[in-house]
Amino acid sequence: HKRHKYLFLWGLCDGSSDLKGPQEERDPQLRLVDGGSRCAGRVEIIHQHSWGTVCDDSWDLNDAHVVCRQLGCGVAFNALLYAQFGEGSGPIWLTKLACTGKEDYLWNCPALGLGKNNCEHYYDAGVICSGFVHLVGGHGPCSGRVEVNSGEGWIPVSDGNFTLATAQVICAELGCGKAASVLGNLPFRENSEQIWAEEFQCEGQEPGLWFCPRVLCPAGSCPHRGAVQVVCSGYTDVRLMKNGSSQCEGQVEIKTSGGWRTLCASHWNMASANVVCHQLGCGVAISTPKGEYFVEGGDEIWRDRFHCSGSESFLWNCPVSALGVPACAHGNTASVVCSENQTQLLPQCNDSWSDPEGSAASEGHTANCSDSRQLRLVDGGSHCTGRVEILQQGSWGSICDDSWDLSDAHVVCRQLGCGVALEATISAHFGEGSGPIWLDEVNCTGEEAYMWQCPSQHWGQHNCSHKNDAGVICSEFLALRLVSKDQKCSGWLEIFYNNTWGSVCHSPMEPMTLSMICRQLGCGDIGTLDFLIPPREGSRPHWVDGIHCREIDTSLWQCPSDPWKHQSCSAKEEAHITCTGDLLQSGDPSPAFLGHCQLNWDLKDALVVCRQMGCGVAIDDMYFAQFGEGSGPVWLSWLQCTGEEDHVWKCPSQGWGQQNCPHILDAGVICSGGGPCSGRVEVNSGGGWTPVSDGNFTLPTAQVICAELGCGKAASFLLDLPLREASEQVWAEEFQCKGWEPGLWFCPRVPCPADSCHHRGAVQVVCSEYTEVRLMKNGSSQCEGQVEMKTSGGWRTLCASHWNMANANVVCRQLGCGVAISIPKGAYFVEGGDEIWRDRFHCSGSESFLWNCPVTALGVPACAHGNTASVVCSGNQTELLPQCNDSSSDPAGSAASEGHITNCSDSRQLRLVDGGSHCAGRVEILQQGSWGSICDDSWDLNDAHVVCRQLGCGVALEATISAHFGEGSGPIWLDEVNCTGEEAHVWQCPSQGWGQHNCRHKADAGVICSEFLALRLVSKDQECAGWLEVFYNNTWGSVCHSPMEAVTLSVICRQLGCGDTETLNSSVPLREGSRPRWVDEIQCRKTDTSLWQCPSDPWKQRSCSAKEEAYIMCSGNRPKSCPGTVPCTDKEKLLLRGGDSECSGRVEVWHKGTWGTVCDDSWSLAEAEVVCQQLGCGSALDAPGEAAFGPGNGSIWLDEVYTLGQSDCKHEEDAGTNKYLALSPHYLFSEPGGQHAVATSSGYDDVEELPVPEIPSSFGMKEKNFFPEEGGGARCSQKGKWITISPVVLHYYHGKDGFGHINDQFSFTTRF
């Protein structure tokens, strides 16, 4: 039994050794190399003092079995060909082996003979053996019952005299670190199960269990109580280092197989710190200062994140994650200060949440109370999802879901180091708990450090049962699946991250990683990558690449990898995996923003731009850089849009960058605006819409118009806009409103000389629901206080959620109060006010008025009580700010430093550009008066998180590189940014310093934040019709249709560039598949210019049932198969020309590729009615003939209506129809009983009501004729239900119109 003394002489022995007996079976004439362990690799034999290989001719599993048995490595898993462990060198000793598998030595097998072959090293044979020992039944290859294999199968080892030293040898041999625990007295699988007939007596330093001394058990039967289980850990020791020695305070260091490693402070919390203090016998954790004990010169900081509950005995017993974790910022090491005394008495926790903030006693008290309580999520399959439970007074209990929302859930997720909340679940979504219900009516602001610091009823005070238990799904909840139509354990590998399923990249995907994946899915222990599968269709995130699992990892989440990214690889690199457990399932079933050259630029090109941007129609196409010269490339020139394209880059052009156009020729556009509350001012006297000139147009006039249209107050008006046509007629009066008039009609007017008003062009007005802002303190308006905004409903307080310094700066500047100093939350709150306003402002800081900032309200939850936005301004607009120190290394913590940083932050600004939203795009900073970009060196999610939080855009979904949103211009301000993710401003992160870089703009960094929103209609064959979907939290999901009023539908269609009118289609069959149903109860207001500004219920994963998903048809609906350049739909194949609107004029029909007219033979009101209905213009009121709207040209396609293309007509007989769409009026000015209403001050001396028997004031009322049918021409009413396209005011009177013409009866309307 002293055989182990010869171990270290083997490398000196040759094949002629005369050793016999027990030593002979371990004679070193055979080895496996380059396989990572002694039981895997290229087969090599030593002969004549030379190591040589074996050729893979006829090499199979029988040959490999002999190799494994001879080496004491169990049985063969695989016999490998083609030098898969690399090509060897030296002789090729054996070929054409024909083992039976029973031989004791490889050279006992039949073969061609030593050295007799013509093989090359390209064909070197290899083997993967099971190994002599393994651990089974645990959470991976590094924990479980000890079994050994002599070549005849796996046999358990008994717990008789089994020692920790033996366990250490096993863990080391398996590459699993060190033994963390040994457990005996485990039951055998079967009572009659055979037990290994030797006891191992390892000393701890042996290279493998095979080499340990052994003692034969008496009569071949070892005494035992049962089997033995070993748990190995890659983490074997922990310490706190301060000044080079281990103490009860200091930097946290953990020992791994690679030595001592420091831990990262990211996600390190008090629960993990408590475990360390308890494990070291150092009492409880007092604090966790970040980087305070950092020492330069150490190894890379360890990325593994520990998610302790606080009750674990050892740090390595806590859940661990490493997948997708980015590198730790320099110096951001985890530290702990322990109380040093395990028996120290903790002060009793006060169950009230109303301890005075800021006092030292309160702070210390809170820390210790937080330590004595614990938080966990259970029954959700992960430590980051499940039912919320708190350990209080020694008992785990749940939380009632009354008032439970995302703000509460955010606190839970952050406290557990699980990111942000994706969903706050109610109604015992994760099952009913047991024990106490500790909290009810929880009302967090979202900023608390601990769940129990949120306002609530007192501990144990509730009126709930466990069917109301609250739960949470956090952003760091992870799940794994294989996607296949018919296979269970084979398919595309997908990970659920950040609330979205996405694929996994296959590089490098070593056998250990594949084994981990298959084991976690319950699909066996072996997996293979399938490279011959064609790429998948469709798009999805490619979440992660570079996964490299280690033996010590017990789940995929613990495996190191590259950081999470939305596009970690190309679609060709998505991983398709087949596991050994494969079974048939049982019936389971933006491009960058563009610079355009003006060459060939016209109104059709401009129309596409306006539609794409959701800005209405094009008012003018601008030339010669009228909005200033751009910078960077000029991407497009010689555009030839038809006006029907969805995107401007789909128009014919010379190609990307194929031009030599200077920026002096940059093209521009003026659009009509995003809704009925902004655009060019026009009035209508009954003869069509006529623009109002900008001559002497005043703000009071604009105020009257906005008020009349129900659009709040005028935010701005723009003069000198080009008329649509140079010869366009202008309204022949100037309006001289005072501002208080009830409508434009009642404003004093002055006729223009010779009926021609002096003007430079048309005038555009922008109205806003927000009309004034103030800061209120102690009941008076000052330069500090609670932010209040005036709307049509009165003064409203704003919510502190998402309120930031950029918004505050705009308010201070707007009020003439200098710059913002701070934004204390709720500091000036006064009880008894109205509900806090939900609208969120996303200012860059450079806006002149708060209402010029982007606004969102969609999905915004109600604001927590008292959580009002406040601002403290400097109070002096001319106050000089201290100069910013360009160094990022200002001493932290000093008062001077803090004030300095605040003021520097105020003078700088941050924005995201060219991403189509304020929450996605290229990152730019305003520094020293110039906007500049950030270089993408070291740019990662931690940096992006800071940007998103600073802009009030949630958390980062992707940190983009390589000018993903196009190349910027101007300076590159920062490089090598290395944020921890906790900074308030991106310029507070470590970097090389302002302007110090080695980059070009092709390396500009960008960000996609979680509050980036997008909108689409999903249909297989229709454009501008389909299932309405919104992109929120990185996932497309449906929208619920309740209540979806007309103004909401109009906003949606207009934003999609699909016209102004729309319908909900409730007869469409239910959709297949599952998806989030993000939002319900959307109620847009007329002042909202995009869906994102419309109030709604809060975002929820399941806002309604599948039956309530919205399917919308907009007026621009057309089949996708239609070419964009020719009429396709029935409505498009018919039009009216020569009239004063699209609903009156000469009838023309599209046939055989050309437009032609209709002869008036037999033309009557019945035929005109068909035309009206087909065009959606209501009922026909007249069918004039004899080319009343002028003769047409081309073919006359219809005569006698029923004969196509056969006609004896002339164009003088072209048929026509005249229709107006009658709109529900906002006002009808008349005295009761048909009396006259005198308005002499307006120059109209005989105004009276026209006889209108009934005027509908809401949808669904019956048809009435608004216009008399005398005076020639046709009149047409809307039939069926009333549809408001835009707010208009109808007036009826006798007198002169605005052109000085006499007309006994005509109408006058105002519109944008």
Work out which heavy atom in D562 is nearest to a heavy atom in V544; give both atom names and the distance. O-CG2, 3.5 Å

Using side chain to side chain contact (heavy atoms under 4.5 Å, CB included) as the criterion, point out the one residue from V43, D63, L30, V67 that pairs with V54. V43

If a pair satisfies ring pair (Phe, Tyr, Trp, His ring centres under 6.0 Å) and one of its residues is in residues 521-543, list it, with sequence neighbours excluded. Y497-W543, H506-F531, W543-H566

Any side-chain heavy-atom pair of F200 and V169 under 4.5 Å: no

So does G1006 get a backbone contact from the side chain of W939, meaning a donor-acceptor N/O pair under 3.5 Å? yes

Do the charged groups of K572 and E574 touch, with an N to O distance under 4.0 Å? no

Can you check whether C518 and C523 have SGs under 2.5 Å apart? no

Within 45 degrees of the axis of the six-membered ring of W51 and under 6.0 Å from its centre: does R31 put its NZ or CZ there? yes

Any donor-acceptor pair under 3.5 Å linking the side chain of T578 with the backbone of S490? no

Using the rule given for side-chain contact (heavy atoms from CB on, under 4.5 Å), can you reason through V133 versus V146, listing the C-alpha separation, both sets of side-chain angles and the distance that settles it, and then say yes or no? CA-CA 7 Å; V133 63; V146 181; 3.9 Å; yes

Can you name the nearest heavy-atom pair linking G88 to T53, along with the distance? CA-CG2, 4.1 Å

Does any N or O in the side chain of R261 come within less than 3.5 Å of the main-chain N or O of E253, such that one atom is a donor and the other an acceptor? no

Answer yes or no for C202 and C212: SG-SG distance under 2.5 Å. yes

Residues in side chain to side chain donor-acceptor pair (under 3.5 Å) contact with Q229, at least two apart in sequence or another chain: none

SG to SG below 2.5 angstrom is the rule I want applied to C579 and C489. Does it hold? no

Just by distance, do the side chain of H945 and the backbone of A956 share a donor-acceptor pair under 3.5 Å? yes

Could you please spell out the steps behind the side chain to side chain donor-acceptor pair (under 3.5 Å) verdict for D124 and H121? CA-CA 5 Å; D124 284 346; H121 282 295; 3.0 Å; yes

The test is side chain to side chain donor-acceptor pair (under 3.5 Å); show your working for N332 and T980 and say whether it passes. CA-CA 7 Å; N332 186 34; T980 66; 4.8 Å; no

Heavy-atom donor-acceptor pair, Q168 side chain to G204 backbone, under 3.5 Å: no

Any idea how Y122 and Y82 line up, ring-wise: parallel (<30°), tilted (30 to 60°), or perpendicular (>60°)? tilted

Judged by atom type as modelled, is there a donor-acceptor pair below 3.5 Å linking the side chain of R145 to the main-chain atoms of V230? no

Sequence neighbours excluded, which residues qualify as side chain to side chain donor-acceptor pair (under 3.5 Å) partners of E423? none

Taking every heavy atom of F162 against every heavy atom of I170, the minimum-distance pair comes out as CZ-CD1, 3.8 Å

Not counting sequence neighbours, which residues clear side chain to side chain donor-acceptor pair (under 3.5 Å) with E173? List them please. none

Would you say the side-chain atoms of D937 pair up with the backbone N or O of E976, donor to acceptor, closer than 3.5 Å? no

Checking R239 against W260: charged group under 6.0 Å from the ring centre and within 45 degrees of the axis? yes

For I577, does its backbone N or O pair with a side-chain atom of T528 as donor and acceptor, under 3.5 Å? no

R42 with E87: basic N within carboxylate O range, under 4.0 Å: no

May I ask you to decide if C413's main-chain N or O and Q415's side chain share a donor-acceptor pair within less than 3.5 Å? no

For a quick test of reading the model, state the closest non-hydrogen atom pair linking D379 to F430 and the distance between them. CB-O, 3.5 Å

Are any non-hydrogen side-chain atoms of L529 and L514 less than 4.5 angstrom apart? yes

Please find the pair of heavy atoms, one from V33 and one from F85, that lie closest to each other, and give the distance. O-CB, 4.2 Å

Are more than 12 heavy atoms, taken from residues, nucleotides or ligands other than Y123, located less than 6.0 Å from that residue's OH atom? no

Do any pairs count as a salt bridge (Lys or Arg N to Asp or Glu O under 4.0 Å) and have a residue in residues 491-516, sequence neighbours left out, and if so which ones? R481-E494, E494-R536

Residue pair C142, C171: steps toward the disulfide (SG to SG under 2.5 Å) verdict: CA-CA 7 Å; C142 293; C171 290; over 6 Å; no

With no hydrogens and no angle check, do the side chains of T1035 and T500 hold a donor and an acceptor under 3.5 Å apart? yes

Strictly by modelled atom types, are T262 and Q251 linked by a side-chain donor-acceptor pair under 3.5 Å? no

Going by the rule side chain to side chain donor-acceptor pair (under 3.5 Å), which residues pair with N78 if we only count those two or more places apart in sequence or in a different chain? none

